[in-house]
Q: 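To start, I am sharing the structure in question, which I have written as structure tokens.
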Amino acid sequence: MGPEGETMLVDTGHYNDDGEYVLEYLQAHDITRIDHLVTSHNDADHIGGNAAIIEYYETDADGIGAVYDPGIAASTQTYAEYLDAIETHDVTLYETREGDSVDFGSVDVDVLGPPEPYLENEARNENSIVLKLTHGETSFLLSGDAEDDQEEYLVDTYGSQLESTVLKAGHHGSASSSSGAFLDTVQPAAVVISSAYDSQYGHPNDEVLERLSERSIPTYWTATHGNIVLVSDGKAVSVQTQQTAPTDPLDIRDGGAVDPGTSGDVTERVRIGGEGTGEIDAGGEPEETNSGSDSDVDSNASALAVAEINADAEGRDGDNLNDEYVVFENTGSETLDLSGWTVADDADHTYTIPDGFTLGPDETVTLYTGSGTATDSELYWGSGSPIWNNDGDTVIVTTDEGDRVLEESY
């Protein structure tokens with residue numbers, strides 16, 4: 001739902017459900033009209049509820065404003081029923097391609113795919129409608145089932161324009177999507193994966209989870225977090241879920257399963273960007289992790305200090321990532337257990353220190369931006385692009401409990 005109350009629905013779920021769960025959710029939230037119904041592509045697991053949604057809103061509610069479709073047909077009964085519903089109720093249907101936009105009030109909605117001509121012999125996945133929604137300083141990239149070819153096209157065509165606060169992982173977390181190059185270009189502060197807990201295809205794929213983990217990207221999975229609600233005020237994004245569950249990509253399968261259609265309220269888990277960014281404590285308020293003055297930092301919480309910052313790598317930064325680094329020092333008299341502590345910058349890039357990592361008195365550890373093998377004195381962010389802004393940035397460290405213990409600007 002947009003700030004002015006307009007509504008947009010992107011895809012309607014699997015044909016096995018016939019739109020039941022989506023419709024129940026919309027009714028529970030008093031959505032009486034769908035202004036924009038977007039079909040990312042015409043696979044039956046994405047348009048399963050299209051016919052039912054159109055039938056309900058055109059018959060028993062306040063209608064469908066328009067339907068947006070990439071224009072590549074499917075030879076399925078589900079697709080035929082979807083087109084029949086559009087024809088029966090005379091709903092406006094737009095073939096939607098790269099360069100189009102959707103009027104969504106104060107939210108900019110840019111269509112980045114599919115291109116003209118279509119990619120890969122009109123394969124439906126590779127020609128998904130890709131949307132970037134921008135509200136103030138926040139943005140969301142919805143990539144449908146885009147796979148390697150469409151992701152490569154997007155990176156080559158748009159580059160840094162793809163940068164988004166939140167990415168909806170392509171193709172349910174398939175190994176053919178969410179490539180390293182794509183993730184490094186989008187630079188999301190969080191990723192949402194939509195797939196079943198017991199997916200017959202093994203979604204999300206372990207290769208994708210590894211790539212997300214290497215980049216320390218918090219990951220929310222509908223199978224364990226349930227409904228995932230993202231609320232933007234133009235400055236920050238509130239991430240709200242039905243159930244608390246691991247967000248470390250390598251641990252997300254440790255969460256308990258949430259069956260599709262499970263009802264229940266959502267609770268804010270984290271706030272990304274703006275003032276008060278950080279995890280939410282039991283009282284529902286954010287533990288600040290990247291805002292405020294130095295006086296806000298609890299100096300008694302840790303003896304960790306920044307000993308050196310080398311933000312400007314020799315040569316081209318992107319070609320020499322391990323010459324960009326931060327050196328931390330334990331200035332206290334006791335060993336620090338840094339397990340699960342996070343290091344972040346002003347742009348919300350976040351690295352999580354591995355479990356079991358400790359730093360003795362007067363010892364230092366260097367956190368390199370690139371990749372390598374961790375040791376007792378060296379850690380590697382695993383980023384494919386520079387982190388620290390040459391023109392000035394802030395090093396922010398929080399404990400595994402969300403307490404900010406260090407903030408140093410340069």
Side-chain angles (χ1 to χ4, degrees), residues 1 6-97 100 102 109 111 113-114 118-131 142-147 150 168 170-172 174 194-196 198-201 203 222 227 259-263:
M1 178 176 288
E6 270 194 287
T7 56
M8 178 184 296
L9 176 62
V10 181
D11 293 344
T12 60
H14 201 281
Y15 66 92
N16 285 343
D17 307 324
D18 196 28
E20 176 186 356
Y21 299 139
V22 174
L23 189 53
E24 286 178 354
Y25 183 90
L26 294 171
Q27 291 171 335
H29 289 81
D30 298 322
I31 306 300
T32 59
R33 175 176 170 81
I34 303 296
D35 295 297
H36 311 282
L37 174 58
V38 179
T39 296
S40 69
H41 63 298
N42 285 307
D43 282 2
D45 61 329
H46 287 253
I47 63 170
N50 277 23
I53 295 293
I54 293 170
E55 177 70 24
Y56 170 79
Y57 276 95
E58 287 293 316
T59 303
D60 299 318
D62 296 332
I64 303 282
V67 176
Y68 305 78
D69 187 292
I72 301 177
S75 57
T76 63
Q77 181 179 346
T78 304
Y79 179 68
E81 290 172 350
Y82 154 44
L83 293 188
D84 286 346
I86 287 176
E87 183 176 0
T88 297
H89 298 286
D90 195 24
V91 176
T92 300
L93 173 64
Y94 294 114
E95 181 177 311
T96 305
R97 306 291 287 273
D100 292 337
V102 179
V109 182
V111 182
Y118 291 118
L119 299 169
E120 202 182 300
N121 298 317
E122 301 189 7
R124 288 193 295 272
N125 283 356
E126 294 284 31
N127 292 284
S128 294
I129 288 181
V130 176
L131 299 181
L142 310 181
S143 58
D145 270 2
E147 298 184 273
Q150 190 170 23
K168 196 284 294 181
H171 202 187
H172 316 284
S174 166
S194 177
S195 64
D198 55 354
S199 165
Q200 63 177 313
Y201 304 106
H203 297 156
T222 55
N227 293 333
D259 293 331
T262 299
S263 60

Q: What is the distance from atom CD1 of Ile129 to atom OH of Tyr68, rounded to the nearest 0.5 Å?
A: 10.0 Å
Q: Asp69: which residues meet the salt bridge (charged side-chain N to carboxylate O under 4.0 Å, His left out) condition with it, sequence neighbours left out?
A: none
Q: For Ile54 and His89, work out which heavy atoms get closest and say how close.
A: CG2-CD2, 4.2 Å
Q: Thr92: what forms a side chain to side chain contact (heavy atoms under 4.5 Å, CB included) with it, not counting sequence neighbours?
A: Ala66, Tyr94
Q: Determine the minimum heavy-atom distance between Ala123 and Ile72, stating which atoms define it.
A: O-CD1, 4.4 Å
Q: Please name all residues satisfying side chain to side chain donor-acceptor pair (under 3.5 Å) with Thr32, sequence neighbours left out, ordered by chain then number.
A: Asp62
Q: Going by heavy atoms in the side chains, are Tyr15 and Thr76 under 4.5 Å from each other?
A: no
Q: I want to check something: taking the side chain as every heavy atom from C-beta on, are His36 and Val109 in contact at a cut-off of under 4.5 Å?
A: no
Q: State whether the side chain of Ser143 and the backbone N or O of Lys168 hold a donor-acceptor pair below 3.5 Å, judged by distance alone.
A: yes
Q: Suppose we screen for side chain to side chain donor-acceptor pair (under 3.5 Å). Which residues come up paired with Gln77, at least two apart in sequence or across chains?
A: Glu81
Q: Distance from Asp43 atom CG to Asp11 atom CG, nearest 0.5 Å?
A: 9.5 Å
Q: Taking all non-hydrogen atoms of both residues into account, name the closest pair between Asp145 and His171 and its distance.
A: OD1-CA, 3.0 Å
Q: Going by atom types alone, do Ser195 and Tyr201 pair a side-chain donor with an acceptor below 3.5 Å?
A: no
Q: Can you list everything that forms a side chain to side chain donor-acceptor pair (under 3.5 Å) with Thr12? Sequence neighbours excluded, please.
A: Asn50
Q: Write down the atom of Thr59, the atom of Glu55, and the distance for their closest heavy-atom approach.
A: OG1-O, 2.8 Å
Q: Would you say Asn127's side chain and Leu119's backbone share a donor-acceptor pair under 3.5 angstrom?
A: yes
Q: Within a radius of less than 6.0 Å around CD of Glu87, do more than 12 heavy atoms belonging to other residues, nucleotides or ligands occur?
A: no
Q: Side-chain contact, heavy-atom cut-off 4.5 Å: Leu37 with Tyr57?
A: no
Q: Taking all heavy atoms of Thr78 and all of Gly48, pick out the closest pair and write down the distance.
A: CG2-CA, 3.9 Å
Q: Could you grab the distance from atom CD1 of Ile34 to atom OG1 of Thr7, nearest 0.5 Å is fine?
A: 4.5 Å
Q: Which value, rounded to the nearest 0.5 Å, describes the distance between Glu147 atom CD and Ser128 atom OG?
A: 8.0 Å
Q: Going by the angle between their ring planes, with limits at 30° and 60°, are His203 and His172 parallel, tilted or perpendicular?
A: parallel
Q: May I ask you to check whether Asn125 and His41 show a side-chain donor-acceptor distance below 3.5 Å?
A: yes
Q: Quick one: side chain to side chain contact (heavy atoms under 4.5 Å, CB included) partners of His14, sequence neighbours excluded?
A: Asn16, Asp17, Asp45
Q: Do Leu131 and Val111 come close enough that some side-chain heavy atom pair is under 4.5 Å?
A: yes
Q: Counting C-beta onward and ignoring hydrogens, is there a side-chain heavy-atom pair between Pro114 and Arg97 closer than 4.5 Å?
A: yes
Q: With side-chain contact (heavy atoms from CB on, under 4.5 Å) as the criterion, how do Leu9 and Ile31 come out once you've worked through the C-alpha distance, each side chain's angles and the decisive distance to 0.1 Å?
A: CA-CA 11 Å; Leu9 176 62; Ile31 306 300; over 6 Å; no
Q: In Å and rounded to the nearest 0.5 Å, what is the OG1 to CD distance from Thr88 to Glu58?
A: 10.5 Å
Q: Please find the pair of heavy atoms, one from Val67 and one from Ile86, that lie closest to each other, and give the distance.
A: CG1-CD1, 4.2 Å
Q: Rounded to the nearest 0.5 Å, how far apart are CD of Glu122 and CZ of Arg124?
A: 11.0 Å
Q: Evaluate the side-chain proximity of Tyr82 to Leu93: yes if any heavy-atom separation is below 4.5 Å, no if none is.
A: yes
